[in-house]
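To start, the structure under review is shown below, and the notes come after it.
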Amino acid sequence: MTKPVRTRIAPSPTGDPHVGTAYIALFNYVFAKKHGGSFILRIEDTDQARARSDSEGAIMKSLHWLGLSWDEGPDVGGPKGPYRQSERQTIYQEHAQILLDRGEAYRCFCTPERLGILREEQRQAKGRMGYDYRCRDLSSQESDRRAQEGEPFTIRLKMPKEGFSLMTDLLRGEVRRSYEELDDQVLLKSDGFPTYHLANVVDDHLMEITHVIRAEEWIPSTPKHIRLYEAFGWEAPVWIHMPLLRNPDKNKSKISKRKNPVSLLFYKEAGILPSALVNFLALMGFSFGEDVEKFTVEQMIEVFSFEKVSLGGPVFDLDKLNWINGLYMRDLSEEALLAEMEAIWLNRAYFAKLLPLVQNRIKNLNDFIDQTAFFFNVELSYDTPDGPLLLPKNRTPKEMGEALTEAAEAMDRMESWTIEAIEAALRTVAEEKNLKVKELFMPVRVAISGKKASPPLFESIEALGKERVRFRLRKAAEYVKTLQS
RNA sequence: GGUCCCGUCGUUCAACCGGUUAGGACAACGGCCUUUCACGCCGUCAACACGGGUUCGAAUCCCGUCGUGAUCACCA
């Protein structure tokens, strides 16, 4: 009677492909394959405000790059589609209606403004947080009337007010949670889109997901999901909450782009091989056994079991990633290595892009190498003769640290990566930080090129790409703080 | 702040259901190899968060404390 194993990765297309997505995808993939099951990709694009058009494609491309391909998904189709939540609107609305009809959910006419004020009051009072149930006991007549009159509403799940919820997590055992601290979650937003909670449960059920393998940040809301399964009368999947990847800072906070490169594109552009990155990700929480650290996904599938997964939040350690990548480099034939090099920056197209930037500056053909070296590596050293120029006269390390950090974030926010847009963004940063243009541009130049003399700044930034520019600006921000003003 | 997860070297992963000089790897340091560097090899440094129990015996089981983290949205 055991059903075929089906797992899924459900990324939200709101930004660059995230290393955490790859991490969770890996374990879903491996577990499914271990049991001869299916691995599914579902795009959770129900947040129309944060969705970014280029994101979905980039996520799929990156996952394919890592070899974590799916059996069913928006691009390959499958029997349980569509696999994009934005294309499943009516399904969610129908299911919300079912809950409404059964009295398991209710319309809520509270405005975002009122809820915001409520939240603020609760914060001040340091009391219980959460919805105050104002609309929970509206009569059905009133509820129907107001809905008919066109008053905007959301649909909330009716949670029990007492007792406790019990979740059994394969890795963590039983987790109890009192219902008193769980409020009535919004299931359907006033724009008609579902929230994660509704869409996730409905889709997991309809797509016959047997094991939900997701990050530990979901543990607190799992009782709501369990309640939803109960309300629908469905069997819940097996819950497995993986630890969260962490920053290498003092506190080991959840991995974040402010402190660590989190985009898969960064690692690709930094010359990390997909096989090495996947292997490294596997090392985060999983132990192969016998002290073996280098293994392929296929080998991991052979030996995989959740008993071999540990729960401490693993720190994403670039040093070890680079070490293991070196291992994979040495395994490659010269031919294969050459192909990998051409695939990143050592190719004609990239040379052609750089050449116009330096043509006026070179006196012989070989000067090209000197002038463009910084376009071919990842991290620069600022402990150099020009390094002190990160700090203009009369500016403090703190000021410039903040300015460079802001520059990094401004670059990250850019949607269209053009020379003009880059310049505009940096000028805005200078203005916001009350810096003269040159007080920002020289440090930025040194940050991205390592030198005070470089090809044109914005063109160089454009050619380097967002990932390395961000990385260098952040590194420079750290370095400048160590300088004396 | 409430709730919940977690807690072994700086980092990562071990040490089957209690009995080990607590092990491997990355990093660091030292050495060998090498014209140099790297690779490789050898070695050194380094951890059971704390306090109570249970037990002949606790990193391992229980309780408490502390600490980190996550979460408390019409985001996922």
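Computed over heavy atoms, backbone and side chain alike; hydrogens, waters and symmetry mates excluded. Throughout, a chain's letter reflects where its sequence line sits, starting with A, and its residues are numbered from 1. The structure presented is a predicted model; accordingly, all values stated were derived computationally and were not measured.
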For A:Ser86, side chain to side chain contact (heavy atoms under 4.5 Å, CB included) partners two or more places apart
A:Asp45, A:Arg84

Does A:Lys259 have any salt bridge (charged side-chain N to carboxylate O under 4.0 Å, His left out) partners at least two apart in sequence or in another chain, and if so, which?
A:Asp249

Considering only side-chain heavy atoms of A:Ser253, which listed nucleotide, B:G40, B:A70, B:C4, is closest?
B:A70

Identify whether the distance between the nearest side-chain nitrogen and carboxylate oxygen of A:Glu409 and A:Arg470 falls below 4.0 Å.
no

Polar atom pairs between nucleotides 7-13 of chain B and protein, under 3.5 Å, N or O only, would you list them?
from  : atom 1 : to       : atom 2 : distance (Å)
B:U11 : OP1    : A:Lys252 : NZ     : 3.4
B:U12 : OP1    : A:Gly313 : O      : 3.4
B:U12 : OP1    : A:Val315 : N      : 3.0
B:U12 : O2'    : A:Leu283 : O      : 3.4
B:C13 : OP1    : A:Gly285 : N      : 2.9

Does A:Tyr328 have any side-chain hydrogen bond (donor to acceptor under 3.5 Å, both in side chains) partners at least two apart in sequence or in another chain, and if so, which?
A:Asn279

Listed partners of A:Arg145 passing side chain to side chain contact (heavy atoms under 4.5 Å, CB included), at least two apart
A:Glu142, A:Glu149

Applying the Watson-Crick and G-U criteria (both distances under 3.5 angstrom) with [ ] for crossing and | for other-strand pairs, one obtains for RNA chain B ((((.((..((((.....[...)))).(((((.......)))))....(((((..]....))))))).))))....

All N/O donor-acceptor pairs, side-chain side in residues 369-380 of chain A, below 3.5 Å, sequence neighbours left out:
from     : atom 1 : to       : atom 2 : distance (Å)
A:Thr372 : OG1    : A:Phe368 : O      : 2.6
A:Asn377 : OD1    : A:Arg472 : NH2    : 3.1

Using a 4.0 Å cut-off on heavy atoms, which residues in residues 7-27 of chain A reach RNA chain B? List them by number, or say none.
A:Ser12

So, with a heavy-atom separation below 4.0 Å from RNA chain B, the residues of residues 85-114 of chain A are A:Cys110, A:Thr111, A:Pro112

Hey, are A:Asp144 and A:Gln148 close enough side-chain-wise for a donor-acceptor pair under 3.5 Å?
no

Strand-adjacent residues in residues 193-213 of chain A, judged by heavy atoms under 4.0 Å from RNA chain B:
A:Pro194, A:Thr195, A:Tyr196

To the nearest angstrom, how far is A:Tyr131 atom OH from B:A73 atom P?
14 Å

Over-ring placement of A:Arg156 relative to A:Tyr106, 6.0 Å and 45° cut-offs:
no

Identify every side-chain donor-acceptor pair in residues 189-200 of chain A under 3.5 Å, counting partners at least two apart or on other chains, and give the distances.
from     : atom 1 : to       : atom 2 : distance (Å)
A:Lys189 : NZ     : A:Thr46  : O      : 3.0
A:Asp191 : OD1    : A:Phe193 : N      : 2.8
A:Asp191 : OD2    : A:Gln48  : NE2    : 2.5
A:Thr195 : OG1    : A:Val186 : O      : 2.9
A:Thr195 : OG1    : A:Leu187 : O      : 3.4
A:Tyr196 : OH     : A:Asn200 : ND2    : 2.9
A:Tyr196 : OH     : A:Arg214 : NH2    : 3.1
A:His197 : ND1    : A:His225 : NE2    : 2.8

In B/S/- notation, 5' to 3', how is nucleotides 42-49 of chain B contacted by protein heavy atoms closer than 4.0 Å?
--------

Mark yes or no for a side-chain to base donor-acceptor pair under 3.5 Å between A:Arg50 and B:C75, with no hydrogen or angle criteria applied.
yes

